[in-house]
Structure formats: structure tokens, C-alpha cells
Amino acid sequence: MQSDSLWIGRPVSRVEDERLIRGQGRFIADMNPVPGIRHAAILRSPHAHAVIRSIDINQALGKRGVVGIFTGEMIARELDPFPVGVSAPIQYYPIARSKVRYVGEPVAVVVAESRYLAEDALSDIIVQYDALPSSMDIETPGTHLDPSVLLHDGVLDNVANHRVFEYGQCGRELQIADVVLTHRFTYPRNTAVPIETYGVIAAYEPGTDYYTVWSNFHGPFTLHSVMAHALKISTHKLRLLSPGDIGGSYGVKSAVYPYAVLMAVVSRLSGCPVKWIEDRLEHMQASSSATARITDVTMGLNSQGKITALKLVQYDDVGAYIRAPEPATLYRTHGNLTGAYDIRNLTVENYAVMTNRVPTGLVRGYGGPQLYFPLERMVDIAARHFGIDPAEMRRRNFIRAGAFPYTTISGGIYDSGNYQAVLDQALETSEYDRFRGQKTAMSSRSIRYGIGMAAVVEPSGSNMGYVSLAFTPDERAKQWPKSGAAAAATVAVDLLGGITVLLDSVPEGQGHETVARQIVADVLTVPMEAVRVIAEMDTATRAWTVSSGSYSSRFASAGSSAIYGAAQKVRDKLLALAAIKLGADVSTLRLREGWIWHDHRKTVWSLKRLAGLIHWNPEELPEGIGAGVYESCYFTLPNVAAPSTDDRINSSAVYGFLVDIVKLAVDIETGHIQLLDYTTVHDAGKLLNPLLAQGQIHGGMAFGIGSALYEEMVYDERGQLLTGSLMDYLVPTAGEMPEHLNLGHHSTPTDSTPLGAKGLGEGNVMAAGAAIANALADALGVEVFNLPLTPQMVFHLVHPPHEKEVDPK
Amino acid sequence: MNKWMHDELAVVTMTVNGHVYRRAIEPRLLLSDFLRDELGLTGTHVGCEQGLCGACTVLIDGAAARSCLNLAVSLNGKDITTIEGIRKRPQFPAIAQSLSRHHGVQCGFCTPGIVASMISEEEATQEEMDDLLAGHLCRCTGYVGIREAWKDLIQKKAGE
């Protein structure tokens, strides 16, 4: 990296803000990119599990303004099922064919002159269902379920994926361990709740068979090929565009893709462009959610409290279909299953189980909270068993600072870190010892105080290969190997030196335009105002690749590296031309304030003049300098190979680290938890923009606090969603955020990325549930095995329901 | 189903951002849809249509209100200000600068509604500010930057 960077690393305010604050952002609902758009509304299943006996659309077709009505059968026969990431025979279409499998599943689509009129017609479609019993449990493997609750033909016990991984000698080590602890933990089903819902505009072009689809999809663009496959077209016929402004996602909008395909087909069948904007109830019922997970953890320790073996049995609730990229929640953390600890014996058994709930997908943290809630709780339980402080327990088991790069037993390569130093800083910042000493004395009759922590290795820059761990090595051997964590970017300089940057990262609020400006302005030594960044995505015109998009905290590691690389290519081309013009060796030239300097002297050549020469007078360009200044860089992070034949994988390119420490007060009479303060110390390598890093951390904390205390998608036993509005599904408001948030950084350098940066937007979501539960357990002296910690849940922890009375028989 | 809902139009006259509009609309049309679809004022964002998220907040006769909970037809003779009008007010640049300086904006979807609340209660105390802010959901920022920005404005006003 250039030593004289002016902008990288500085807390620069965002270029995106002006238009957004003025209400001039352009979101999907604001767009009417083609004339003649009609509006779609979707009829959805009121049943969690039922056979569709008949659908009568005749009366609805006669309603005012109706252009067309299309049933699942009419739509699905135009499609192939979406490819799924497992070998189980699951046919997933964007709309139900003959059977519905979750409440809210699309059944028919109305296209009309307006959304109001389309919704009017929905109520005149008559569907007859034969209800089936619902399957809501995820501990079904081996229970031989009644055929009526099987979701898909040929899938035994509703298990979509089952794999067992053995690393080291876990079974033997558990037998000889001094202490073996076993507990079961439940992580709830929660979701992301972006304030902007899904939206799609699809236009089919008769004659060419081209589909153009605008949506707030943000990748991963692997799914482009999944969509094209379903549409039965070659990939170049599907052009996906995303607006430059997306109203939040936190992962969940990656699952807008089935709706993109649905509207694409509906556009073809109805003969007009079609726009569909999801409403909030549709979003809560039928968009996507995180997986719920039951984890059975067995931990073996020696007499010194050193963890010698770890066994995880993970049951994920993936909902009614296993929708790509699932079962990736189970595999995203595969290389870091042992967390921050030096554990050399590991057994993992994974089940992806289908239930009559909405299919799952990416939600901020993706696999992280599901892993770290049980793991970090177990470390605290072990500390209590040994009578040592939870901080000391972690210190005894941490990977040593001198051990990096460290290869985990499951194949993760932790590039850098100093876990002890981060922990120490967090303990000091939170005044941990002082609070521990005072908390008992502070307690009153009804108020108890507790302090808890979580230590989290935060993966960023996902290896595209990890998803294929769902297949056995034999199955994988028959497929093309998949690997890598690549990104692309383009930097162009026009005739008069204007600089434009094109991204493939599809941001939803993270500020990528600002960071791209910082990077390109630094490399080309121009003011940031001289650089314009285009975040709109267009698969027909952008440089992009299979892993493009915004997910797995990949911008800081992969995305920014591609921008840096493209800017360097532009700089190098201009310098090479200047060297020829000046008759100087290129190594003696450098760019400074937009001018070429030769041996500490400013020359007559500026960036603008060099670009002008290339554009206006290409006839006179010397040999080796091509016309145009338009450079794309495809950057791929190192060390992200396909899974090995013994099932090891470096599932992410780089690994940050954080320690969260939470202090809380709990009212044992009402069950109310008040967070007193929240400390987090991150090691994310170099911060590209500390202001934006802070925003990501604050946002992650709020997200984590919501999932720890409030958020759960509650279904009844028949599969009805009880939390379909923001009145029932509680996300934190300003009043729920702790008054005191303490942020710290302890950066260890990494050379895994050119700019030395790692992701940091998801770590607090991974840590908060465990840290808050640990603090609650500390306050109450009772172990905590479930989230969210609602007042009701806390009350039951304090006042356990009486044991069921024994049947007198 | 009531027939009038579909066929009969009602005439409504209202002032929006200083311009007087007279339109024949369906009585069931929400103010949020009227502003966005009839007038093309897309700075008003719709997040839930249940009055819970606050993204669609506009000013009705100067007071902050949810545009998704109002029927346009019920606002005959009223004076509406959306973000497109708010941004022309003299107080707006200070609000925008404060939000940006304190990183109170990420995706920006909830922002115009929050700005409407901020400008409607210029004399708010810090406590009132927390109450008002609780009426807006933001999933990006953890509210930290927004709170700081608003607090800063209140303190500057107090110092004047």
C-alpha cells in the first residue's frame, strides 16, 4: 500500500448522505425503468401444509383492471426447479405447484393496472385446499415420521442434508477427559427486517427471449446462474440490475431471487413489464429468515480447564424447501467451528431439517450466532464448573499470539490475531474486575447485576467452496471443484480526466461509494471530489464474477482490493505512457496531486493530459499503450481452496476477532433486562474508514441486542406465523439501546489483503447473544440455554415451572 | 364488496410543498401512495403500511404524521410537506450536515421520515427527542449516529 495515503484510513463523511437525506435516493419502488409497467400482487397460502385441490380464477379475471392471472401450475410448467445445494431430491419452484408447504407460499399471481386493483382481484380467486398435518420439529432424524408430514417425496424424515465430520480423535479424547460437559442449546428463528421490503421489476422481450430484471438483489451472483437455470435460458439472456440505493438487507435480500424469476415468467405470460413491491406481512411470512438451530454440545476438558475435545451435533431448521445457498448456514463457519480456541479434536454432525416454515437464508452473522451462542455459553459453563473466572477460562484456551497463521483442525487458516491483547483491552475498558467486585453489593431484593463476555473469531470473505461441504467427498469428486473469494471493479478515466468507478459489490447502506472514492483518490492522487462511483449493478455491463455481491463482510477484504487493483492498473498505464513521452525510466516517475513527477520535479504531464492524449490522439500512442483508459481488476483472496478430500476447508479468506463484554441489571420480579453498558473491542486489521467501521459496529450491536432480547419468528404448532407485523416481531428502537457503548480496536497487521483490512460488520451479531446470556447467567446463577431472553423467558428461569406431576399409575 | 370503492372518485384539494393540487382519486388511496404515485414525490418511503416503522412520516399542517395511516381524501384543504419541501427550508442544511457528520445515515431508507420528525419538533428537549426517535425504526445505525446528530442540534440551539 502507498505510504502517503491521504484518504484511506480517515473518518471521511459519506458521499451517499446528501442524496439520501434529501430524499433523492433511488430505490426499487421509485423506479419505472420501462414504459407500460403493470403491477403484480401474489395470492398466498393460508395453510402451512396442504394439497391444492383446485384453483378457480374465472371470476377474478373479470375484475376491473386485471391484465392476467397465473396459477402455480401455469407458471411452474414454464420453469425448471431451482438447483439446490444438496443431493436430496427436492423440487423448489418460486410458486407452489400442487402442494403448499408454508404459510405465505405463493399460489397465484395477479397482474393489473395498479397494485390496488391487483389486490382486489386476489380475493376473487377461489382455492380449495386439503389440509395436511404440519411438521414443525427439527429433531426428527430417525423418528420415522408419518408420511402425511413428509414435505417432499423421497426425503426421509424431512432431512435435506446429513453429514458427519471427524477431525482428530474426538471420541477417544472424550473418553479420557477429566471433565465432560454436555448441554443442549436452542437458537431461535429470527430475521433481518430491512425497512425497505423486497421489490422486483421484470421485463420480457419477445423475439429475443431476453429477460431484464431490476430488483434489490445484492448477490451472491452465483444465484444468477441458478435463476437462468430455472428460466431454462442461457445465462447471457438474463440481465439483472440492482439500483444504487437499497434500503438495507443484512443478507435477507439475497433471497429475493425466486421472486425475480417468478416476475420474469409472469412478464412473459402477461406480455408486459411487471412490478411487484412486497408488503410487510408478505415480508414477514414469506421472504426468508435465519435458521433456527438446536445444538448438542459435548466438551471434554483436562483437569487444568484446557478443552481437549469438542463434539457438536447441529440441527438446522431450513424451512419448507432447502433453497440455495442453504444449507450454507451449517458450513459458513466450518473452518472456525472451534472459535478462538486451540482445540485439536472435533466431531461435527450436521442435519438440515425441513419444516413447514418459510425457507431460510442469509441474515447478518449467517451461521455465526448459531455457532457462538452454544460455544461461548459452554466456555462459561466450564469456567463455573472449575470455579475460575470466564476471562481466565478463555485465556487458558486461546490460540497463542505467536501461533498465527494458525490452521484449525477443520481447515480454517486464521491469518493473524492477538486474542489475549484484545481480551485484555476489553476487560480494562469495561472495568470488568471492578464491576465483578461490586455487583453483589449492588443487588437489591428484586434487582440482580451480571457481567458476561463472548470471544468471537469473525470470518470474512467467504470461500465459494464451503457450500460444497454439504456433499460427500465422493459426490464432490463428480462435480467441478468450487473455491475462491473474488471481486471485480472498474476504474475509467474519460477524455478530460474525469474519473468513474464501477462496483460489483451492490451495497445496501455500508458506504462502499465513499470507500471506493478514498481508495481511488489515493492511488491517482486526486481530490475525492474528482472521483464518481457508480454502485448500480448490471450483470450485462459490469465486471463481475460468481462471488460478486454484498455478503459475508467481503467488501473490506475482497471488494476494496479489486478497487485498489483497478486504480493501480490505471495509474500504471498512465505512468508507462509518461515514461515514454519523457524518455524516463518508469521507476523514476510518480503521481503527485494529479501530476507526473520525475525525480522530485513536476513535469508538464498531468493525469488529465495523459488521459486526453490517449483518447484524442490514439494514432500517436507508442507501441504497447492501447487506446482507452478503462481498467477492470478481478481480485481473488489467497488461501481459499476447494474442500480437501478429507473434508477440511478454509471457509473464509480472513478472520477478525472481537470480545464483547456486557453489564446488565435484571428485575427478577418482572423478568426485565436492562443493559447497562456494552463494550466491544475488534481486531479487523486496518480500518479503511473509522467512521464507517463505527457505524457497522453500532449497527451490528443493535442487531445482536435485538436477537438476544426480543426477536423471534413465532409459529404455532400448526405452522401459523404469529409475528407477522412489527407490532409482534419486536426490533430494538432507540430506547432499547444501552446508554453506554464502548468501542475499541486492537489491530494486528495482516498481509492477506493488499490494504490490510478485514470485515467487521457481523461480529457483534455473532457475539451479542452469548455475551448477554452469559451476563444473565452470571446475574441469576442459573444456566441459560435459549434465546431470546424475553421477560417471560427470564421469569421462567427465576421461577422454574413445577415438575410435571407424576402419573399415579 | 362496496361498489363505490372501485368506481367512484372523490375530488380532493391539498397543498403539497407549497403547490395546490386538485385531483380526482379513489377514496381508499393512502396519502403515501398519493404522494408517491400521483405526485411522483418518491422521497416519502413506505416500510410497513402499518404505522410502525415511521419511514413514511411527513408533515400535515406542520405536525409529523404517518402518511400510510392517512387516506388522501381525508386531507382536503390540508397543508402537506414532504422531504422534497423540507429540504428547501432554511433549517435543513444544518440537520443534513449534522446527520452526515455523526454518521446517522446508512441505507437512508428511514432517513426522510426521521428528518420530518426532527424538523417538526425543533424545540424538543433531549428527552422528547428520545421519545420521537422511538417512533422510527432503523436497522442500520443502532440509532447512535442519529441520536448524536439530533443532540448536537439541540445543544447548538440552546447555545444560541
Side-chain angles (χ1 to χ4, degrees), chain A residues 11 13-14 16-27 29-30 63-64 114-117 120 123 192-197 245-250 277 279-281 507-511 691-692 694-703 705-706 725-727 731-735 737 741, chain B residues 1 5-7 26 28-29 33 36-37 40-55 82-84 86-87 92 95-97 99-113 115 129-147:
Chain A
S13 284
R14 303 188 338 151
E16 294 90 342
D17 289 354
E18 176 81 11
R19 68 169 185 269
L20 293 170
I21 298 170
R22 294 173 61 85
Q24 287 171 324
R26 209 158 72 109
F27 297 89
D30 308 336
K63 298 283 285 193
R64 183 164 68 94
S114 76
R115 173 68 181 240
Y116 283 68
L117 296 173
D120 286 347
S123 53
V193 194
I195 308 302
E196 180 201 44
T197 57
D245 293 311
I246 295 179
S249 168
Y250 329 99
I277 304 296
D279 73 22
R280 182 55 58 183
L281 176 61
E508 317 88 46
Q510 301 94 326
L691 188 68
L692 270 57
Q694 182 182 305
Q696 285 298 309
I697 292 170
H698 283 149
M701 281 171 148
F703 216 92
I705 288 168
S725 81
L726 294 171
M727 194 88 90
V731 303
T733 71
M737 287 299 287
L741 303 175
Chain B
M1 193 71 72
M5 279 181 67
H6 297 253
D7 296 327
E26 288 193 22
R28 61 176 172 170
L29 187 66
D33 292 334
R36 291 178 53 83
D37 300 337
L41 298 170
T42 56
T44 299
H45 298 152
V46 176
C48 71
E49 295 176 296
Q50 296 164 335
L52 293 161
C53 78
T82 68
I83 189 68
E84 288 86 352
I86 289 170
R87 70 186 180 216
F92 176 78
I95 293 175
Q97 277 162 26
L99 277 170
S100 192
R101 190 168 59 246
H102 293 284
H103 193 17
V105 181
Q106 286 188 31
C107 81
F109 196 79
C110 67
T111 309
V115 172
M129 170 198 97
D130 280 340
D131 270 356
L132 286 163
L133 197 49
H136 293 273
L137 297 182
C138 164
R139 279 297 255 181
C140 294
T141 63
Y143 308 99
V144 181
I146 305 169
R147 244 163 149 176

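Sequence lines set the chain letters: A, B, ... in the order given, protein chains first and strands last, and positions in each chain run from 1. Just so we're clear, the structure is a prediction, and the values are computed from it rather than from any experiment. Worth knowing before you read on, the calculation uses all heavy atoms, side chains too, and leaves out hydrogens, waters and symmetry mates.
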- Between B:Ile83 and B:Phe92, which heavy-atom pair has the shortest distance, and what is it? CD1-CE1, 4.4 Å

- Item | Closest approach of B:Cys53 to A:Leu726 (non-hydrogen atoms, all atoms of both residues) |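 Heavy atoms only, the tightest pair is CB-CD1, 4.2 Å.
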
- Message: So for A:Ser725, is it side chain, backbone, both, or neither that comes closer than 4.5 Å to the heavy atoms of chain B?
- Response: both

- Item | Engaged part of A:Asp245 at the chain B interface, taking heavy atoms whose separation is under 4.5 Å |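 No part of it gets close to chain B.
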
- Does the side chain of B:Thr42 reach to within under 4.5 Å of the side chain of A:Phe27, using non-hydrogen atoms? no

- Task: Salt-bridge test for A:Arg115 and B:Asp33: reply yes if a basic N is under 4.0 Å from a carboxylate O, no otherwise.
- Result: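 Result for this pair is no, no salt bridge flagged.
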
Please answer whether the main-chain N or O of [Y] pairs with a side-chain N or O of [X] as donor and acceptor at a distance below 3.5 Å.
X	Y	answer
A:Arg22	B:Arg87	no
B:Arg36	A:Ala29	yes
A:Arg14	B:Gln106	yes

- Task: Hey, can you tell me if B:His45 and B:Phe109 have their rings parallel, tilted or perpendicular (30° and 60° cut-offs)?
- Result: parallel

- Heavy atoms of other groups near A:Arg19 CZ, more than 12 under 6.0 Å: yes

Picking from [options], which has the most non-hydrogen pairs under 4.5 angstrom with chain B?
options	value
A:Ala702, A:Gly735, A:Pro194, A:Gly699	A:Gly699
A:Leu692, A:Asp279, A:Ile705	A:Leu692
A:Met727, A:Glu196, A:Glu508	A:Glu196
A:Gln694, A:Arg280, A:Gln696	A:Arg280
A:Gln24, A:Arg26, A:Met701	A:Gln24

Pick from [options]: which one has the most heavy-atom pairs with chain A under 4.5 Å?
options	answer
B:Leu52, B:Leu133, B:Ile95, B:Thr111	B:Leu52
B:Gly108, B:Gly135, B:Gly145, B:Cys138	B:Gly108
B:Cys48, B:Gly43, B:Gly40, B:Gly104	B:Cys48

Is it the side chain or the backbone of [X] that comes within 4.5 Å of chain A heavy atoms, both, or neither?
X	result
B:Ser100	both
B:Leu29	both
B:Val115	side chain
B:Ala55	side chain

